[in-house]
Every structure is written in C-alpha cells, then in structure tokens.
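Working notes for the structure below.
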Amino acid sequence: MNETFAVIGAGPSGLAAARTLQRAGLLWTGYELAGEVGGLWDINGPRSTVYESAHLISSRTTTQFTEHPMPDGTPDYPGHRALLAYFRDFADRFALRDGYRFHSEVVKAAPSEDGWDVTVRTPSGKTTTRHAGVLLANGTLSEPNVPELPGKFDGEVIHTSAYKRAAQLAGRRVLIVGAGNSGCDIAVDAVHHAASVDISVRRGYHFVPKYLFGRPADTLNQGRPLPARIKQAIDGRVLKLFTGDPTRFGFPAPDHRIYESHPIVNSLILHHLGHGDLAVRPDVARLDGDGVVFRDGTRGAYDLVILATGYRLHYPFVDPSLLRWRGAAPDLHLNIFSDAAPGLFVLGMIEASGIGWQGRYEQAELVAAYLLARRDAPERAAAFDAAVRGPRPDLSGGYRYLGLDRMAYYVNKDAYRTAVRAATAALRGEG
C-alpha cells in the first residue's frame, strides 16, 4: 500500500498539514490547483477571492505560525502581498514545494480497500493515485454563496469574489448587499471612487476597531480567558466608548450579544457614515430595472450591486455522506474527523475570533499525532476513535452563537484550542 498521505491545497491549512506531516516523518504528496503556494492570498490564483485592499482583520502576532513568525517590520495588519510572501517564505524554509504537484485539480477522493484513491486533473490529463489517507485543506472562502434576488436588474450584479480593485467602482452608483468584513472593506473602497454608495443590511452588527489604547485590539486580554458573560460585558462597554452606537448611523440594533456572531473588524465604515459618504439601507425586497426596492418600500437607483453574502463550504470531490453533512457544514469531531471515513481529515473548517493560522496548525498536529498513534500506539488511537464516534464536545466556550449557516462551524478559540491540544497530548501519551 502507498504510505503517502494526500494533502489537498497549498494555502495556510495545506501548508500547515504538509509541515506537520513532514515533522512527524510521515510521507505526503500535495495537490494544488494553482501554480504556486499561497491559496486565496495569491490574488492571481484561479480560486482566489481576495481584492487589492485586503488585509488581515486579526493582527499578525495572533495570526502567524508560531514556528515561523512574520519578519520584523511587518505591519500589524499586513496586506495580501505581504501575506503571500510570508507563505512562500514558509514553504521555502521547510522545502514544502518539493512535495506539491501544482496545476493539479483534485476531482475525486474515494476510499478503496487499502487506502484512498485520489483522481487529479492536470493539463496533460487525469491520473489516479492511491494514498494512505487524505487531508482536505482546500479552504472555506472560495465557493461564493449567491442568493437569488427576485426581479430583474438592468445593471451589473457581482459577488464579492469577483471584486478585485476599486477601478471596478469608478463613477458608478453602488449597492453592497451585506455588511460582513468584506462588504465593509469594499464600502470603504467605494466611497473614494463610486458616484454613490449604499449598504443593505438584514441585521445589526457589533463593530470592533483594529486598535484599542494604541495597540492591536486582539492583542489585549491574551491571558487566561474570561467567562463569556464577563468578557461580553467588559468588551461591550469598551466598544461603546471607542465606536459609539452603530444605530446612530442607520444600522439596526444587533439581535445578539457581542461575540455571538463574528464581529465586524472595521470602524472606518462608521467614520464614512458619519461623514455622509455612504448610507445604510434595509434588506433587499427585489431588483427593479435600474434600481432596487427595499423591505421598507423605499427604492434606490444603482448601476452595480455587489453581493457580500459570504461563502459556502465546498468539498465537491468527496461523497457528502462521508463527511456527515448536517445543514450548512459537515458534522465532524473537533471539525476534523469523520466517523464515516477513517483516513479522511478536514483542516481549516473552523471560524473563530482570534484563532489564527496557528489554530489550523494545531489541527494538523492533532492529525499527525493520530496517524502516528494508529501506527505505533493502537490502543491510544482506538480510544480516540471511540471519541470520534461519540457525542460532540462543547466548543462554544459558553457563547450562544447565532443559528446561521455562516456560524455552522464557528467555535470559541480558547475552548477549541484547549480541546485540540488535550487530544494531541493524549494521543502522544503525554500527561
């Protein structure tokens, strides 16, 4: 049997997988659709959804890989070019490119009698290779979630995945549908280039500035985590001091407490709202020729509608039953392990405020520890297999997350990393 494991993707999670397998002495082969490493941070990549103004929304110190810090002088919130250089430097340092097959699109991964068959499409045709297992690390932000809006529109409708640079907005009347982090970023771009800018929202949001007390906001309170209700009370008061009440600018009042949905790390949009550079509109009711009718009956005229409506998890090359899909996300132990498919592991299927790429790296360390235990300590691997088949642990950290599709794989970073580290230690026979 081929003892090599397949790593699908060469973005942050794929590189973390490759590196941890390398460190563990396990053989691997990587498959990447693009011609280089970097994943979505390569703006020219075939599935990249970043745009020219894209920067981290978490600071570099809470985001970077621990064993490979970003260079001195890197800004607190680096842009996509610096991040692409960072990942390529990571790949160079550990000679990870040597293990990848580029321009290789995985079209099927299926279990066989003694492993997994991975079928890949390349410029020269299709090939199938048998592997000992498969680590899915193809990302969570490449498949657009595109809602069907009723009515017809005379202008252009695009998803944020098709937005690359502000020149696309020049002189146009722009409506952005959705106020997630990408939607707010693009709104801030638009005020400098578009003829007019509106942003349509369905619900209220909590806005977090990137700096508090002169420091990156996510570097504060990095000690022992506070209980959820205490942290919400303290941070809610601090945010009101720094950002005020977003309802003053036309946003609805949030229907949830802070951290129960992913916060918007962008206070510049409030700045521009306060200057009259854009306006908040209600949810869209229908498209209407040269404009849009909103739920409150008002109407606006637009040339361009940008759908900032997020992304869907997308693993099209794996039989959905093997991932135990439940609603908008697979039902996996620790968001990694499927009880229906031994040898199949999902990396990067987590969303959490402040978990960073190191959180993904620790996922990969857990998979490597499990694979080594399966080979060298079968009793520990069997105990872990029993946990995979059992009830899912509570990874909420005491927060009551909104029951939205985009929150289907959301976790609390402290609860999650504690659980992953404990499982890794148990598989290694530590403690």
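Reckoned from all heavy atoms, side chains included, excluding hydrogens, waters and symmetry mates.
With salt bridges taken as basic N to acidic carboxylate O contacts below 4.0 Å, none links R19 and E365. Between R88 and D42 there is a salt bridge, with a side-chain nitrogen of the basic residue lying less than 4.0 Å from a carboxylate oxygen of the acidic one. Residues E260 and R400 are not paired through a salt bridge, judged by the lack of any N-O separation under 4.0 Å between the basic side chain and the carboxylate. Comment: D283 engages R202 in a salt bridge, judged by a side-chain N to carboxylate O separation of less than 4.0 angstrom. Residues E36 and R97 are paired through a salt bridge, judged by an N-O separation under 4.0 Å between the basic side chain and the carboxylate.
Shortest non-hydrogen contact noted between C184 and A179 is SG-O, 3.5 Å. In plain terms, the two heavy atoms of Q363 and I336 that are nearest each other are NE2-CG1, 3.6 Å.
Checked against the 6.0 Å centroid threshold, Y100 and Y31 do not count as a close aromatic pair. Note: F90 and W357 fail the aromatic proximity criterion, with ring centroids not under 6.0 Å apart. Under the 6.0 Å cut-off for aromatic ring centres, F213 and F242 qualify, their centroids lying closer than that. The aromatic ring centroids of F251 and H206 lie 6.0 Å or more from each other. When ring centroids are compared, Y410 and Y399 stay outside the 6.0 Å threshold.
In summary, the side chains of N138 and H314 do not present any donor paired with an acceptor at a separation below 3.5 Å, with no hydrogens or angles considered. Defined by atom type and a distance below 3.5 Å, a donor-acceptor pair is missing between the side-chain atoms of S267 and T243. Between the side chains of S261 and R406, at least one donor N or O sits under 3.5 Å from an acceptor N or O.
When the shell of 6.0 Å around CZ of R392 is examined, it contains more than 12 heavy atoms from other residues, nucleotides or ligands.
Using a 30° and 60° split on the angle between ring planes, F87 and F65 fall in the perpendicular class, above 60°.
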| message | Go through it in stages, so that I can follow the logic: the residues are H80 and Y51, the test is ring pair (Phe, Tyr, Trp, His ring centres under 6.0 Å), and I'd like the CA-CA distance, side-chain angles, deciding distance and then a yes or no. | response | CA-CA 8 Å; H80 65 90; Y51 36 89; 8.5 Å; no

